[in-house]
Amino acid sequence: METSTPRRTIKAGEIIFAEDDAPTTAFLIESGRVCISTIQHGEIRVLGELGPGALLGEMAVIDSAPRSATASALSDCVLTPIDRDQFAERLAAADPVVRALLMSQLTRYRSALATLTGDVEGEQSTSAQDDTHAFDKIRLESELRAALQSDELEVRLMPIQNIASSTIAGYEALIRWQHPQRGQVSPNEFIRLAEETSLIVPVGNYVLARVCDMLVELRKRGHSPLPFIALNVSARQLEDPDLVDRMLTHLRDRDLPPDRLEIEITESLVFNQALIGNLLDRCHAAGMQVALDDFGTGFSNLGPLLTLDFDRIKLDQGFTRALDQPRGLALVRAIVAMSNALGCEMIVEGVETVEQLEALKALGCDYAQGWLVGKPVSLQAVLDAG
Ligand code: C2E
Ligand code: MG
Ligand code: MG
């Protein structure tokens, strides 16, 4: 009997499911005892007994393989059927690494069972594609952990130009991972991975320390006025209550003015207004600046700007690309007006052409960042140029 009607009463001796049946349902044993057996060389071999509270028949429901054993009631039983969709939904929503671990254990168990029962064909691999993806991810994570200890992570500086004076006012710190086999891994790939684990905290601390050391180096080389360096912080870092204190400690240890360090918070993180509001207050009290990154993407909700007092707004490069169209130009003009009205400075990202820069200048925009101004380069290149 395989059905998903709630609570089934099974009489002693009745078969619940048989070996080789197609799986549709797992069961929770509410009362009674169940025997799990298989046929080996024509004889019944008992694999185990299950009692109240145990899950029955879940393996085949998870990996969709035919039942590898027969379940029969040893005494009168009450079972609650669990539909395969209930598992499927949760499995689909689970972390791919957790899913791969479960599947790997299931494959290993089936293989052990096959050896035990002499069924050589029983060995099978489940969702190999999914596993490869999940294990790639976990491998990359281990490698990133190791990269932190070696010299594979590099912080590059991307110049930000003051449009009116045509001078470099500051830089955005952008991390790079020079992987020994994969070559350069994009931060879009590994920052997300680092965020899924607590690895983002040491990665963020590494960037913070490097940025502060870079400011010291720029000061030593006579870069005056000292440019600011903006650093990107991610969701987990924002939740760290010690973030601002850690930044201030790094600055104080090197005798650096706090207004030379800027934090960039991407627009999609701003939904947590209480958290960001608190961070803004603390940064402002300490003299640090905060920029709203990638403005115009993500939620594009203006609500947070009612209360959150950002120092700078960074307009996403999508708008820069649209500057040569009337609608794009109109939108950027309106955003510049909004930013001025709020007392914010505006940095426009992704400026690649002279025409774009000229258009931004005409609109009264404060800063430009993009390939036209300069690509992300090493500190050495900045020092050599200055
Ligand atoms: P973001 O903060 O919006 O950084 C700007 C990205 O746009 C950078 O990519 C930059 O190289 C690219 N870009 C700037 N100007 C141009 C241009 O004119 N044309 C084109 N095609 N691209 C341009 P990148 O370095 O790959 O960084 C991607 C994202 O990774 C960053 O977006 C940021 O969200 C994240 N990220 C980078 N470094 C860090 C870090 O140290 N910590 C954290 N939490 N995130 C980081
Ligand atoms: Mg940024
Ligand atoms: Mg950005």
Side-chain angles (χ1 to χ4, degrees), residues 144 147-148 152-161 163 168 170-179 183-214 228-240 243 246-247 250 261-270 279 289-298 300 310-324 335 346-357 359-360 367-379 381:
L144 179 56
L148 267 170
E152 292 169 27
L153 294 184
E154 188 200 355
V155 176
R156 296 208 154 206
L157 295 176
M158 185 169 197
I160 298 170
Q161 179 180 315
I163 298 178
I168 301 303
Y171 298 89
E172 176 174 2
L174 293 165
I175 195 162
R176 295 285 175 269
W177 180 8
Q178 196 57 45
H179 188 283
Q184 204 168 85
V185 185
S186 159
N188 287 323
E189 198 178 333
F190 72 87
I191 290 289
R192 202 175 320 129
L193 179 76
E195 271 209 341
E196 285 176 18
T197 63
S198 52
L199 258 185
I200 192 66
V201 175
V203 169
N205 288 340
Y206 171 81
V207 177
L208 171 64
R210 278 300 295 139
V211 162
C212 291
D213 287 343
M214 286 174 166
F228 70 85
I229 302 186
L231 103 159
N232 293 283
V233 293
S234 58
R236 273 207 197 216
Q237 289 174 276
L238 288 176
E239 283 162 13
D240 174 3
L243 178 73
R246 192 162 327 107
M247 288 177 166
H250 276 279
L261 190 63
E262 179 166 304
I263 301 179
E264 289 191 10
I265 300 172
T266 188
E267 189 190 67
S268 54
L269 298 181
V270 170
L279 181 91
Q289 312 235 61
V290 186
L292 178 58
D293 201 2
D294 307 321
F295 183 76
T297 60
S300 290
F310 289 100
D311 302 284
R312 292 191 173 122
I313 291 178
K314 296 191 76 170
L315 186 61
D316 186 70
Q317 42 179 289
F319 292 88
T320 315
R321 277 191 220 110
L323 271 172
D324 58 354
I335 296 168
M346 202 152 114
I347 303 178
V348 177
E349 296 191 72
V351 179
E352 295 182 356
T353 69
V354 177
E355 290 75 21
Q356 290 167 345
L357 187 64
L360 293 170
Y367 300 97
Q369 180 183 354
W371 292 353
L372 180 72
V373 177
K375 291 199 172 179
V377 292
S378 65
L379 171 71

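Here, residue 1 is the first one in the sequence, and each next residue gets the next number. Atoms within a ligand are numbered from 1 in the order they appear, just like the ligands themselves. Source: prediction; values computed, not measured.
Under 2.8 Å from the Mg ion (ligand 2) lies an N/O/S atom of Asn232, whether from backbone or side chain. At least one N/O/S atom of Asp294, from backbone or side chain, sits under 2.8 Å from the Mg ion (ligand 3). Taking backbone and side-chain atoms together, Glu264 has no N/O/S atom less than 2.8 Å away from the Mg ion (ligand 3).
Near Gly370, meaning under 4.0 Å from one of its heavy atoms, ligand 1 places the atoms 15 (N), 18 (O). Interface atoms of ligand 1 facing Glu349, defined by a heavy-atom separation under 4.0 Å, are 3 (O), 5 (C). Numbered from 1 in the order shown, with element, the atoms of ligand 1 that lie under 4.0 Å from a heavy atom of Gln237 read 44 (N). Interface atoms of ligand 1 facing Asn188, defined by a heavy-atom separation under 4.0 Å, are 28 (C), 29 (C), 30 (O). Numbered from 1 in the order shown, with element, the atoms of ligand 1 that lie under 4.0 Å from a heavy atom of Asp294 read 3 (O).
Between Glu264 and Arg312 no salt bridge is recorded (no basic side-chain N to carboxylate O distance below 4.0 Å).
The protein heavy atom nearest to atom 31 (C) of ligand 1 is Leu174 CD2, 4.2 Å. If you check which protein heavy atom lies closest to atom 42 (N) of ligand 1, you get Asn232 O, 3.3 Å. Scanning all protein heavy atoms for the shortest distance to atom 39 (C) of ligand 1 gives Ile175 CG2, 3.7 Å.
For the pair Glu172 and ligand 1, a heavy-atom separation below 4.0 Å is found. No heavy atom of Thr266 sits closer than 4.0 Å to any atom of ligand 1. Using 4.0 Å as the threshold, Arg176 has a heavy atom nearer than that to some atom of ligand 1. Assignment of Glu195 to the shell around ligand 1 is not supported, since no heavy atom sits closer than 4.0 Å.
Residue Asp293 touches ligand 1 through its side chain alone, judged by heavy-atom distances below 4.0 Å. Contact annotation for Val207 and ligand 1: only side-chain heavy atoms (C-beta onward) come within less than 4.0 Å of the ligand.
Between Pro202 and Leu148 the shortest heavy-atom distance is CB-CD1, 3.7 Å.
Although no hydrogens or angles enter the test, the distance criterion places no donor-acceptor pair under 3.5 Å between the side chain of Thr320 and the main chain of Val351. Here the side chain of Gln237 pairs no donor or acceptor atom with the backbone of Val233 at under 3.5 angstrom.
Donor-acceptor pairing under 3.5 Å is recorded for the side chains of Gln369 and Glu172. Side-chain atoms of Glu195 and Ser234 form a donor-acceptor pair, as typed in the model, at a separation below 3.5 Å. For the residue pair Trp177 and Glu152, a side-chain donor N or O sits within less than 3.5 Å of a side-chain acceptor on the partner.
Within the 4.0 Å cut-off (strictly below), no protein heavy atom is located near atom 9 (O) of ligand 1. For atom 44 (N) of ligand 1, a protein heavy-atom neighbour is found at a distance under 4.0 Å.
Taking CG of Asp311 as the start and CG of Leu292 as the end, the distance is 11.0 Å to the nearest 0.5 Å. Once rounded to the nearest 0.5 Å, the distance linking OG1 of Thr266 with CG of Asp294 reads 3.5 Å. Note that NE2 of His250 is 12.5 Å distant from CZ of Arg210, once rounded to the nearest 0.5 Å. Rounded to the nearest 0.5 Å, atoms CG (Leu193) and CG (Asn188) are 12.5 Å apart. Atom CZ of Arg176 is separated from atom CD of Glu154 by 8.5 Å, given to the nearest 0.5 angstrom. Summarising the geometry, atom CD1 belonging to Ile265 is positioned 10.5 Å from atom CG belonging to Asn232; distances are rounded to the nearest 0.5 Å.
Distances between N or O atoms of Trp371 and those of ligand 1 include at least one value under 3.5 Å. Taking only nitrogen or oxygen atoms, main chain and side chain alike, Arg321 does not reach within less than 3.5 Å of ligand 1. Geometrically, ligand 1 and Glu352 share a nitrogen or oxygen pair separated by less than 3.5 Å. Note: no N/O pair closer than 3.5 Å links Val233 and ligand 1 by distance alone.
Across Leu174, Leu261, Ile175, a single residue satisfies side chain to side chain contact (heavy atoms under 4.5 Å, CB included) together with Leu231, and that is Leu261.
Contact check for Leu372 versus Thr353: no side-chain heavy atoms found under the 4.5 Å cut-off.
Closest to the Mg ion (ligand 3) among the N, O or S atoms of Asp293 is OD1. Looking at Glu172, its N, O or S atom nearest to the Mg ion (ligand 2) turns out to be OE2.
Atom 7 (O) of ligand 1 has its nearest heavy-atom neighbour, among Lys314, Gln317, Met158, in Gln317. Looking at Ala173, Gly374, Pro187 and measuring to atom 26 (O) of ligand 1, the nearest heavy atom belongs to Pro187.
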Can you list the steps and then say if Ile263 with Gln289 is a side chain to side chain contact (heavy atoms under 4.5 Å, CB included)? CA-CA 6 Å; Ile263 301 179; Gln289 312 235 61; over 6 Å; no
